[in-house]
Visitor: 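Have a look at this one.
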Number of protein chains: 2
Amino acid sequence: MEIVDLSTLPDSEARYTEFLKQVCEKHGIDHAAYAGMNPAAGTVAGYVTYGDDWKSHYQDQGLIMLDPTLHMTKRSIAPVDWSRLERSDNFQRVFRDAHDFGLSDQGVTIPVRGPYGDIGLLSATRDCSREEWKKQLSHVIGDLQSMAVHIHDTVVSSDEVTSSLYHPTLSTRESEILQWVAAGKSQQDIGDILSISHRTVEVHLRSSREKLNALTTPQAVGRAIGIGLISPG
Amino acid sequence: MEIVDLSTLPDSEARYTEFLKQVCEKHGIDHAAYAGMNPAAGTVAGYVTYGDDWKSHYQDQGLIMLDPTLHMTKRSIAPVDWSRLERSDNFQRVFRDAHDFGLSDQGVTIPVRGPYGDIGLLSATRDCSREEWKKQLSHVIGDLQSMAVHIHDTVVSSDEVTSSLYHPTLSTRESEILQWVAAGKSQQDIGDILSISHRTVEVHLRSSREKLNALTTPQAVGRAIGIGLISPG
DNA sequence: AAAGCTATTGGGGGTTTCCCGTATTTTTGA
DNA sequence: TCAAAAATACGGGAAACCCCCAATAGCTTT
């Protein structure tokens with residue numbers, strides 16, 4: 001397998017879509033799409049080979065908020081065949097529209113995770129018979145997996161916006177206190193444990209929330225666990 | 001590519017090493033190793049095809065604490081060829097010993113991440129010429145990547161199954177509401193979203209806490225994520 | 001039919017958290 | 001080197017959360 005080195009292509013958004021097109025041609029796929037997201041930073045970046053009409057429709061209708069090929073697959077470790085999503089209401093909703101734009105509801109999405117909570121999703125879709133799709137998938141899934149890793153690795157290491165918000169580094173006190181919170185302690189408890197005021201505990205929790213871009217402490221705890229900064233207590 | 005379904009093999013630790021052996025045979029690899037870890041909790045589970053002599057040496061010398069094929073690769077997104085680790089002091093130290101046990105210092109490690117901060121590392125090693133290794137790697141890297149995902153997915157979900165007997169079952173509403181809490185919503189927000197009273201939301205949260213044996217909601221969120229009942233929002 | 005679980009709503013009141021400040025020390029960057 | 005930023009620390013007051021209680025309804029199990 002030869003990997004097209006993304007870092008050697010001209011430096012612009014176009015190189016990613018160009019890469020996706022090459023993946024399509026190589027493996028006989030109709031369309032490919034990549035979505036890179038950083039939940040802790042709240043950022044999403046997407047590159048697709050779809051037509052502009054579908055792209056604008058997708059954008060206008062806010063389908064990104066309910067697209068199950070994003071929100072279901074991002075919780076998975078292994079690739080997810082879209083046939084496993086068919087029962088979802090949102091799936092019906094998104095792909096009922098997609099049909100009007102000549103897009104198939106047959107595809108697969110491959111999740112890739114980085115060490116800081118970042119998630120990459122590479123999707124491939126093709127309009128053909130079920131049997132043909134299954135056969136094709138078994139042949140190219142390994143390659144697609146490598147492609148997914150490659151593009152995600154390149155995007156997160158090159159995207160300046162992402163990389164600036166990339167490292168949510170918690171201070172010693174912050175992760176220490178957040179760990180106690182995950183262990184079920186109150187701010188007063190933690191203050192007693194660390195021999196500081198419970199007011200101070202609250203300040204550290206606040207800055208932890210800000211760094212993790214979390215609205216509430218429970219959300220911050222969840223994200224910190226997801227990233228691996230703390231463990232469930 | 002045909003994937004050996006791990007879940008159909010006899011239920012024991014042996015099936016993982018058996019799987020690794022099959023990977024070796026299929027791709028002409030000397031040895032394969034898998035390490036599943038929870039970095040925040042500091043727990044590591046490993047399955048290897050190495051001989052018992054090396055295993056005990058590795059254990060006795062505490063090489064797990066400094067093995068760069070674990071600690072360097074777990075920060076990477078893409079597969080790491082061990083040639084990139086050669087400059088590390090710890091690499092020299094670990095593999096100087098390895099040579100005495102007939103193990104090669106030529107290999108690759110593939111990192112895989114799950115949604116709960118869990119990390120799986122699949123390593124493959126072979127004693128041959130540099131050129132031969134590079135050529136072989138380019139052919140099998142896609143398959144290895146799929147294998148890495150497959151084994152990590154299986155290990156993680158089987159751990160869930162084994163521990164699910166000891167874990168509670170949340171009702172639909174409870175997990176639904178807990179998921180919204182993990183997404184940073186307040187009780188009032190959730191009540192509006194679900195079109196129910198915020199008092200009802202609080203009741204469900206309370207029963208969730210009781211079922212999860214959690215003192216606080218943040219702890220409940222953390223545990224639910226750790227168990228896999230919800231995902232970080 | 002009664003018991004048990006889930007889902008729903010509400011009152012009252014204590015507890016906890018959260019947002020607004022201020023201040024000192026340490027670290028970082030220009 | 002010196003200023004800016006971050007980390008650490010503390011407090012008042014408002015908002016949110018949590019605990020005790022009671023009540024209704026649907027649905028499954030015994």
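Throughout, protein chains are lettered first and strands after them, A, B, ... in sequence-line order, and every chain is numbered starting at 1. All values derive from a computational prediction rather than experimental measurement.
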Visitor: What is the 5' to 3' range of DNA chain C, first to last nucleotide, that sits under 4.0 Å from any heavy atom of chain B?
Guide: C:dT6 to C:dG12
Visitor: Would you call the rings of B:Phe91 and B:Phe95 parallel, tilted or perpendicular, where under 30° means parallel and over 60° means perpendicular?
Guide: tilted
Visitor: For A:His204 and D:dA7, what is the distance between atoms NE2 and P respectively, to the nearest whole Å?
Guide: 9 Å
Visitor: From CG of A:Asp192 over to P of D:dA9, roughly how many Å is that when rounded to an integer?
Guide: 14 Å
Visitor: Mark up nucleotides 15-25 of chain D, 5' to 3', with B wherever a protein heavy atom is under 4.0 angstrom from a base atom, S wherever such an atom reaches only the sugar-phosphate, and - elsewhere.
Guide: --SBBB-----
Visitor: Look at the aromatic rings of A:His150 and A:Phe19 and report parallel, tilted or perpendicular, splitting at 30° and 60°.
Guide: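 A:His150 vs A:Phe19 ring planes: perpendicular.
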Visitor: Run the ring-ring contact (aromatic ring centres under 6.0 Å, His included) test against A:Tyr34 and tell me which residues pass, sequence neighbours left out.
Guide: none
Visitor: Applying a 4.0 Å non-hydrogen cut-off, can you work out what B:Ser207 is touching in the nucleic acid: base, sugar-phosphate, or nothing?
Guide: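 Nothing, no nucleic acid heavy atom in range.
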Visitor: For A:Val181, is there any backbone N or O sitting under 3.5 Å from a side-chain donor or acceptor partner on B:Gln219?
Guide: no
Visitor: If you measure from the Lys or Arg side-chain nitrogens to the Asp or Glu carboxylate oxygens, is any gap between A:Arg173 and A:Glu176 under 4.0 Å?
Guide: yes
Visitor: The criterion is side chain to side chain donor-acceptor pair (under 3.5 Å); which residues satisfy it with A:Lys211, sequence neighbours excluded?
Guide: A:Glu174
Visitor: Please list all pairs passing the ring pair (Phe, Tyr, Trp, His ring centres under 6.0 Å) test where one or both residues lie in residues 171-228 of chain A, with sequence neighbours left out.
Guide: none
Visitor: May I ask you to say what B:Thr200 touches in the nucleic acid, namely base, sugar-phosphate or nothing, with a heavy-atom cut-off under 4.0 Å?
Guide: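 Contact class for B:Thr200: base.
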Visitor: With sequence neighbours left out, what residues match A:Gln61 under side-chain contact (heavy atoms from CB on, under 4.5 Å)?
Guide: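 For A:Gln61, the residues satisfying side-chain contact (heavy atoms from CB on, under 4.5 Å) (neighbours in sequence not counted) are A:His57, A:Leu63.
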